[in-house]
Amino acid sequence: MKHKGMLIVLSGFSGAGKGTVVKELVKKYGYQVSISATTRSPREGEVDGREYYFKTKQEFESMIEENGFIEWAQYVGNYYGTPRAFVEDALLEGKNVILEIEVQGALNIKKQYPDAILLFIAPPSATILKERLIGRGTEDIETVNKRLCRAKEEAQDMEQYEYLVINDVLDECVEQVHQIVLNESCRMRSQSDFINTIKTELENL
Ligand code: 5GP
């Protein structure tokens with residue numbers, strides 16, 4: 001008997017290592033990842049349709065009008081959004097889907113999908129966060145500073161998440177996230193399909 005697919009929302013400050021955590025979850029445990037659309041420019045090495053669907057502002061705004069996103073938000077001057085079709089189809093097929101999105105989007109998802117699991121990934125300290133952002137070398141110092149400012153704002157919303165996982169040692173962080181998902185999938189409210197089936201089977205014994 002298949003479980004209903006779970007929606008897993010991962011957020012965290014830019015530079016907290018969410019992307020790496022997600023890649024490991026896909027590789028080790030076969031999670032599905034929703035690829036977002038964005039109006040920001042691709043970073044070196046990023047491929048359209050792999051990291052993001054890169055869109056013009058006009059294309060993005062048309063998708064909003066067509067109800068093509070389950071959520072969208074603006075982040076440091078750009079639009080980011082979760083395309084609706086992939087998520088809805090994967091959940092129907094019973095797959096666990098990860099959304100790697102920022103705080104406004106995460107809270108929006110929880111309103112629409114009350115069973116979604118909201119996890120916040122944090123670095124061990126603010127100093128380490130700054131070092132990681134600078135060390136990554138993908139943004140100029142002005143953008144790094146903007147992202148650190150945004151982190152300060154996001155920290156105000158951290159407590160609205162259900163779980164906080166510290167990304168110090170990558171493997172441990174990945175295991176912790178996976179364990180949380182396993183535990184959540186055992187909740188009674190996540191198992192209505194199984195419950196209904198076994199009740200019917202018992203009636204018919
Ligand atoms: P980045 O530019 O570093 O790839 O992403 C910036 C922020 O946007 C990150 O916090 C990331 O999680 C968030 N983000 C990526 N995709 C989406 C999305 O579809 N919706 C929302 N709300 N945030 C997103």
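Quick note: residue numbers are just sequence positions, from 1. We count ligands from 1, going down the list as the structure has it; atoms in each ligand are counted the same way. Computed from heavy atoms alone, side chains included, the values below leave out hydrogens, waters and symmetry copies.
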* **side-chain hydrogen bond (donor to acceptor under 3.5 Å, both in side chains) partners of residues 81-90, not counting sequence neighbours, each pair once** => Asn67-Arg84, Glu71-Thr82, Arg84-Glu88
* Distance-only side-chain donor-acceptor flag, Asp157 / Gln160, under 3.5 Å -> yes
* Structure fact -> At a 4.0 angstrom heavy-atom cut-off, ligand 1 is contacted by Lys18, Ser36, Arg40, Arg43, Tyr52, Glu71, Ala73, Tyr75, Tyr80, Gly81, Thr82, Glu100, Ile101, Glu102, Gly105, Arg147
* To do: Could you tell me which residues satisfy side chain to side chain donor-acceptor pair (under 3.5 Å) with Glu61, sequence neighbours excluded, listed by chain and number?
  => Tyr79
* If only atom types and distance count, is the side chain of Gln112 paired as donor or acceptor with the main-chain N or O of Ile70 below 3.5 Å? -> yes
* Under 4.5 Å side-chain linkage, directly or through intermediates, the cluster mates of Phe54 -> Tyr52, Tyr75, Val76, Tyr80
* So which of Val165, Asp168, Ile166 actually passes side chain to side chain contact (heavy atoms under 4.5 Å, CB included) with Cys173? -> Val165
